[in-house]
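Accompanying notes for the structure given below.
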2 protein chains.
Amino acid sequence: MELQERLRARGYRLTPQRALVLEAVTTLGHATPEDALGWIRERASGVNISTVYRALELLEGLGLVRHTHLGHGAPTYHASTTPEHVHLVCRQCGGISEVEPDAVQPMVEALERSSGFVADVGHLAVFGLCKECAR
Amino acid sequence: MELQERLRARGYRLTPQRALVLEAVTTLGHATPEDALGWIRERASGVNISTVYRALELLEGLGLVRHTHLGHGAPTYHASTTPEHVHLVCRQCGGISEVEPDAVQPMVEALERSSGFVADVGHLAVFGLCKECAR
DNA sequence: GTTAATGCAAAAACTTTGCAAACCT
DNA sequence: AGGTTTGCAAAGTTTTTGCATTAAC
């Protein structure tokens with residue numbers, strides 16, 4: 001299994017908890033540490049929130065998950081296997097929608113050209129007003 | 001004074017604390033609540049952190065300050081009077097640079113056209129790798 | 001004089017850490 | 001067996017809240 005290989009290549013071990021955390025994030029699509037724990041607790045017991053934090057940090061270090069800050073509070077994680085996407089966060093209604101990275105490609109290119117900055121689009125959260133609230 | 005007018009128009013009062021918070025953010029350019037308090041404590045005593053939080057929330061509601069999430073945790077505030085700008089946050093070295101909103105204008109237009117989403121550029125933080133770290 | 005705003009202290013939300021026990025390899 | 005990982009509990013951060021007192025108007 002890929003996860004195990006990745007872990008062992010760096011001297012880490014494959015534990016049920018780590019597998020569950022990755023599965024939770026993958027299944028949920030977007031998950032805060034608390035969300036992931038909630039999902040896990042529906043199928044396993046005794047998993048601790050601190051383990052979730054530690055697993056997320058590890059998995060992120062391995063490049064298997066990423067996180068974004070979708071506003072105040074807890075970061076939101078998603079699996080690296082899910083297609084990259086940009087988050088649109090409505091400041092009015094709090095709604096979150098996703099768009100293809102294509103939508104921001106012109107920006108990425110402009111930034112790289114002008115500043116040499118290589119933007120990580122999978123990390124991008126754009127705040128503003130959604131269609132409904134903009135009126 | 002503009003601040004007082006804005007406050008009173010909504011039944012709020014002008015207090016030294018509120019004026020100081022606005023001044024701190026304006027002077028510092030970018031400030032977390034803790035930063036603002038630090039600045040304030042250099043010239044006034046007895047101002048409490050909870051007052052800073054409350055003042056920032058109020059001032060933001062009045063449109064006098066804005067905030068951005070530049071990563072990890074603490075939000076960063078800046079005065080609305082400062083020219084809008086986009087933040088580029090380097091995930092490698094942690095450096096933060098600013099670019100003109102023009103650099104992302106194509107993205108803003110693309111988003112509005114495709115999703116009807118009105119992006120708030122002053123809120124935008126783009127994560128990625130800066131010129132130096134990208135190599 | 002009213003009523004909003006502050007300071008303080010305590011709570012809440014979110015993360016991290018130390019350590020003995022349990023588990024992976 | 002041996003070193004890694006976990007659960008638990010406790011502490012650390014950051015932000016919010018309740019309430020009596022103070023201050024703006």
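Letters A, B, ... mirror the listed sequences (proteins, then strands); counts begin at 1.
Residue A:Ile49 contributes atom CD1, which lies 13 Å from atom C1' of D:dG7 at whole-angstrom precision. The interatomic distance linking A:His72 (NE2) with C:dT15 (P) rounds to 13 Å, in whole Å. Counting to the nearest Å, the C1' atom of C:dT15 and the CG atom of A:Leu58 are 17 Å from each other. At whole-Å resolution of the value, CZ in B:Arg10 and C1' in C:dA5 are 17 Å apart. In this entry the distance linking CD of B:Gln17 with P of D:dT21 reads 18 Å, nearest Å. Separating the CG atom of B:Leu56 from the P atom of C:dA5 is a distance of 15 Å, rounded to the nearest angstrom. Atom C1' of nucleotide D:dT6 and atom CD of A:Glu57 are separated by 15 Å, given to the nearest angstrom.
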*Given side chain to side chain contact (heavy atoms under 4.5 Å, CB included), test B:Val25 with B:Leu56 step by step and report yes or no.*
CA-CA 9 Å; B:Val25 170; B:Leu56 286 170; 3.9 Å; yes
*Steps toward side chain to side chain contact (heavy atoms under 4.5 Å, CB included) verdict (B:Glu5, B:Arg8)*: CA-CA 5 Å; B:Glu5 283 169 30; B:Arg8 298 181 71 171; over 6 Å; no
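Here B:Ala110 pairs with nothing under the side chain to side chain contact (heavy atoms under 4.5 Å, CB included) rule; sequence neighbours left out. In terms of the side-chain hydrogen bond (donor to acceptor under 3.5 Å, both in side chains) criterion, residue partners of B:Asn48 (sequence neighbours excluded) are, by chain and number, B:Ser50. A:Glu34 is linked by a side chain to side chain contact (heavy atoms under 4.5 Å, CB included) to A:Thr32, A:Leu37, A:Ile49, counting only residues two or more places apart in sequence or in another chain. Shown here are the side chain to side chain contact (heavy atoms under 4.5 Å, CB included) partners of A:Ser114, two or more places apart in sequence or in another chain: there are none. Residues passing the salt bridge (Lys or Arg N to Asp or Glu O under 4.0 Å) test with B:Glu84, sequence neighbours excluded: B:Arg66. Partners of A:Ser97 according to the side chain to side chain contact (heavy atoms under 4.5 Å, CB included) rule, which considers only residues two or more places apart in sequence or in another chain, are A:Leu88.
If you check residues 23-39 of chain B against DNA chain D, you find no residue with a heavy atom closer than 4.0 Å.
When atom types are taken as modelled, the side chain of A:Thr82 and the backbone of A:Ala79 share a donor-acceptor pair closer than 3.5 angstrom.
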Would you mind writing out the side-chain donor-acceptor pairs for residues 119-129 of chain B within the sub-3.5 Å range, not counting sequence neighbours?
from, atom 1, to, atom 2, distance (Å)
B:Asp120, OD1, B:Gly122, N, 3.1
B:Asp120, OD2, A:Arg91, NH1, 2.5
B:His123, ND1, B:His67, O, 3.4
B:His123, NE2, B:His67, O, 3.0

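With A:Val21 as the fixed residue, the side chain to side chain contact (heavy atoms under 4.5 Å, CB included) test singles out one of A:Thr51, A:Val65, A:Leu59: A:Leu59.
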I'd like a table of atom pairs between the protein and nucleotides 8-11 of chain D - only N or O on both sides, under 3.5 Å - with the distance next to each one.
from, atom 1, to, atom 2, distance (Å)
D:dC8, N4, A:Ser50, OG, 3.4

Strictly under 3.5 Å: I want the nitrogen or oxygen pairs between protein and nucleotides 22-25 of chain D, one per line.
from, atom 1, to, atom 2, distance (Å)
D:dA24, O3', B:Leu14, O, 3.3
D:dA24, N3, B:Arg13, NH1, 3.0
D:dC25, OP1, B:Gln4, NE2, 3.4
D:dC25, OP1, B:Leu14, N, 2.9
D:dC25, O3', B:Arg8, NH2, 2.7

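Rounded to 10°, the helix from C:dG1-D:dC25 to C:dT25-D:dA1 has 40° between the axis fitted to its first five pairs and the one fitted to its last five.
Listed here is the closest heavy atom pair of B:Gly63 and B:Ser80: O-OG, 2.7 Å.
At the heavy-atom level, B:Ala74 lies under 4.0 Å from the strands shown only through sugar-phosphate atoms.
Residue pairs meeting the ring pair (Phe, Tyr, Trp, His ring centres under 6.0 Å) criterion with at least one member in residues 10-33 of chain A, sequence neighbours excluded, are A:His30-A:His78, A:His30-A:His85, A:His30-A:His87.
Remark: A:Arg41 fails to qualify as a cation-pi partner of A:Trp39 under the 6.0 Å distance and 45° angle criteria applied to the six-membered ring.
OP1 or OP2 of C:dT15 lies within a sub-4.0 Å distance of a side-chain N or O belonging to A:Tyr53.
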